[in-house]
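Single-structure report; data block below.
Each ligand, and each atom within it, is numbered from 1 in the order the structure gives. Values in this document were obtained by computation on a predicted structure and should not be read as measured data. We use all heavy atoms of the structure for the numbers below, so side chains are in, but hydrogens, waters and symmetry mates are not.
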Amino acid sequence: MTEGTGPDETVRHSKVVIIGAGFSGIALGHALLGSRFTDFTLLERADDVGGVWKANTYPGCTCDVPSNLYSLSFAPNPDWTSTYSTQPEIQRYLAGCLDRFGLRPHLRTGVDVTAAAWDEAAQLWRLTTSEGPWTAQVLVSAVGPLTEPKLPDVPGIERFRGTIMHSARWDASHDLTGERVASIGTGASAIQYVPRIVDQVGELLVFQRSAPWIMPHDKRPTTPEERERYRTNPRAQKIDRAKVYVSKELLVAGFAKQPKIMKVLSRLSTKHMESQVADPTLREALTPDFTLGCKRIVPSNEWYPALQKPNVTLVPEALSEIRERSVVGSDGVEREVDTIIFATGFHVADIPFADRVRGRSGELMMERWKGSPRAYLGTSVPGFPNFFMFLGPNTGLGHSSMVFMIESQVEHVKNAIRALDTSGASAIEVDQRVHDDYNATIDKKMATTVWELGGCTTFYQDANGRNASIYPDWTFRFRRDAKRWRPEAYRLTTGADA
Ligand SMILES: Cc1cc2nc3c(=O)[nH]c(=O)nc-3n(C[C@H](O)[C@H](O)[C@H](O)COP(=O)(O)OP(=O)(O)OC[C@H]3O[C@@H](n4cnc5c(N)ncnc54)[C@H](O)[C@@H]3O)c2cc1C
């Protein structure tokens, strides 16, 4: 059974509701079915699965961690056509997983969960959705950290008469041919789409507030022989996956343990730039002013060549104003444009869904956090019984696959649901002291990392300047801590004794 009616006969009910059907929701669904747990529903607001890989359709959208690692460990795909897959291929992979795992009957698409409140008397979650009310004993937020696109607060944005789009809401029906386009931001998305649109547009202004570190890309198409080898010998793909994991993990030594190591990588990145950019003035404008690693490192062999095309102007300034038909940089120069593309990222540090979920006290999670999101293992928060989230505070990585973190959390959430189920209790809630100790350790570890010492301001920082996004340690430690069930970390209660 995937859904039925609960204590209130007229309201749909599932024992577990998972909000979101990206990597996280699908991985948890697979784990629940694997534990013979069938009373759960995946509520997804989009019309299909895939999460960011359904939403981000901009030209050139590709993962920047090799696909052998950026995929579910228990569902290897021998058929990737490239060592780094493109968005349509990853979305198809996830849709294929859904079917392969038998999750389709558990999925409800087109359902936006707009609010969730814990009902202490009934010991369950009451959800408000675009399809009416829903109840659940356990609520899992798998809404993703990069789910709510962020537009910068630029004066005049509402006055613009041309087209505005965000990279995460690409409008393919809008023809950019011959247009004057301003692209705002130089993060991972812009670095991927700028080389793809540069030959189509008339003029392209690239606004760069802060120059990114770019590494040489080792992307290449996979060969038929490789694919055949993976198909006939899945162990070979496992070994290649492990090699990628280890090579990525070595970067933690530089990020989190000894930031000086990043100097070696900086030299590699600088050489890459120098080999592609001859003009010393342009080189200077493209030289980052913070330690490598402080912001996500992006691989590209196409970014610098694209910036040097005759129809491109690099504006090494922040965008400071938008007028009816033009944009103005912080240099005060006004430039006419037809379309503005914002590659300005997402609301990350304010944790999506925290503004929609009310715990035992009736307080919203974001109110309780007072600007600084914290959770135990990025998953559970005191005062929010039977609630778990994926990729919550301090689970982000600047160097490796988020799927590794997701699979770690799957183990934790599965164990928590099992503990609740077998105990006969009605609620499970993380212990406040365990939560506080965990976060004190995170803060202590963060203090010596490149994110703290690297001299950059990023979307990783919350309203109080605390880094609420990054996990500041080896990822295998996170896996170990998430996997190992510590009964003392959680309180199991029944309605009467909560
Ligand atoms: C362009 C892009 C490229 C990336 N590349 C990489 C990469 O190379 N390597 C890497 O490790 N990570 C990458 N990431 C990070 C990515 O967020 C994670 O890797 C991973 O895909 C997160 O999966 P998820 O299921 O947790 O969240 P998501 O994929 O964001 O899925 C969340 C789902 O929840 C749904 N949802 C949200 N709110 C609601 C609601 N209120 N009601 C109902 N449904 C809701 C959304 O529609 C979405 O389908 C990238 C992100 C982006 C945007």
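- In terms of N/O distances under 3.5 Å, ligand 1 is not approached by N56.
- Within 6.0 Å of CE on M366 lie no more than 12 heavy atoms contributed by other residues, nucleotides or ligands.
- Residue contact annotation: Y70 has a non-hydrogen atom under 4.0 Å from ligand 1.
- Set against the non-hydrogen atoms of Y58, the atoms of ligand 1 under 4.0 Å away are 1 (C).
- Ligand-side atoms of ligand 1 in range of T147: 37 (C), 46 (C), range being under 4.0 angstrom from any heavy atom.
- Interface atoms of ligand 1 facing D112, defined by a heavy-atom separation under 4.0 Å, are 40 (C), 41 (N), 42 (N).
- Inclusion of E148 in the set of residues having an N or O under 3.5 Å from an N or O of ligand 1 is not warranted.
- Residue contacts with ligand 1, taken as heavy atom pairs separated by less than 4.0 Å, involve V143 via backbone and side-chain atoms alike.
- Residue-ligand proximity: A55 is placed with every non-hydrogen atom at 4.0 Å or more from ligand 1.
- One side chain, E179 or T339, offers a donor N or O that lies under 3.5 Å from an acceptor on the other.
- Contacts with ligand 1 closer than 4.0 Å are made by heavy atoms of both the backbone and the side chain of V113.
- Protein heavy atom nearest atom 22 (C) of ligand 1, with residue, atom name and distance: L391 CD1, 3.8 Å.
- Of the N or O atoms in R356, one or more lie within a sub-3.5 Å distance of an N or O in ligand 1.
- Taking every non-hydrogen atom of M402 and a distance limit under 4.0 Å, the qualifying atoms of ligand 1 come out as 10 (C), 11 (O), 12 (N), 18 (C), 19 (O).
- Under 4.0 Å from ligand 1, not a single heavy atom of A168 appears.
- Every pair passing ring-ring contact (aromatic ring centres under 6.0 Å, His included) that includes a residue from residues 63-96 is listed here, sequence neighbours excluded: F23-Y70, H30-F74, W53-Y70, F74-F101, W80-Y93, Y84-H217.
- Taking atom 7 (C) of ligand 1 as the reference point, the nearest protein heavy-atom neighbour is D64 OD1, 3.6 Å.
- Counting only non-hydrogen atoms, the option in F353, W53, F23 that gets closest to atom 5 (N) of ligand 1 is W53.
- Using modelled atom types, one finds no donor on one side chain facing an acceptor on the other under 3.5 Å when comparing T114 with D112.
- Considering only non-hydrogen protein atoms, atom 46 (C) of ligand 1 sits nearest to E44 OE2, 3.5 Å.
- Ligand-side atoms of ligand 1 in range of A142: 32 (C), 33 (C), 34 (O), range being under 4.0 angstrom from any heavy atom.
- Per-residue contacts place C63 under 4.0 angstrom from the following atoms of ligand 1 (heavy atoms of the residue considered): 8 (O).
- Salt bridge annotation for R45-E148: present, with a cationic side-chain nitrogen under 4.0 angstrom from a carboxylate oxygen.
- Under a 4.0 Å N-O distance rule, the pair E411/R480 does not qualify as a salt bridge.
- Within 6.0 Å of the NZ atom in K483, the count of heavy atoms belonging to other residues, nucleotides or ligands does not exceed 12.
- Under a 4.0 angstrom heavy-atom cut-off, F346 registers as being in contact with ligand 1.
- Against a heavy-atom cut-off of under 4.0 Å, L43 is close to the following atoms of ligand 1: 43 (C), 44 (N).
- S73 and K238 share no donor-acceptor pair across their side chains, judged by distance under 3.5 Å alone.
- Residues H412 and Y490 place their aromatic rings such that the two centres sit under 6.0 Å apart.
- Between W125 and F387, the gap from one ring centroid to the other is short of 6.0 Å.
- A donor-acceptor pair shorter than 3.5 Å can be found between the side chains of Y58 and Q192.
- Residue contact check for ligand 1: K54 places no non-hydrogen atom closer than 4.0 Å to it.
- Remark: aromatic rings of H399 and Y471 are distant, center separation not under 6.0 Å.
- Side chains of S372 and R466: no donor on one and acceptor on the other come within 3.5 Å.
- The closest approach between a heavy atom of Q192 and any atom of ligand 1 is not below 4.0 Å.
- Residue V52 has at least one nitrogen or oxygen atom sitting less than 3.5 Å from a nitrogen or oxygen atom of ligand 1, judged on distance alone.
- For R418, the side chain to side chain contact (heavy atoms under 4.5 Å, CB included) partners two or more places apart in sequence, or in a different chain, are S35, K414, N415, T422.
- Panel note: side chain R108, backbone L42; no donor-acceptor pair is recorded below 3.5 Å.
- Listed by number with element, the atoms of ligand 1 under 4.0 angstrom from any heavy atom of S400 are 11 (O).
- Looking only at protein heavy atoms, the nearest one to atom 44 (N) of ligand 1 is R45 N, 3.1 Å.
- Donor-acceptor pairing under 3.5 Å is lacking for the side chains of W369 and E367.
- In terms of polar-atom proximity, S24 is counted as a contact of ligand 1, with an N or O under 3.5 Å from an N or O of the ligand.
- Taking only non-hydrogen atoms, the option from L146, T62, D47 nearest to atom 15 (C) of ligand 1 is L146.
- Donor-acceptor pairing under 3.5 Å is recorded for the side chains of Q409 and T379.
- In V111, the part holding a heavy atom less than 4.0 Å from any atom of ligand 1 is the backbone.
- Within the structure, the closest approach of L397 to ligand 1 does not fall below 4.0 Å when heavy atoms are considered.
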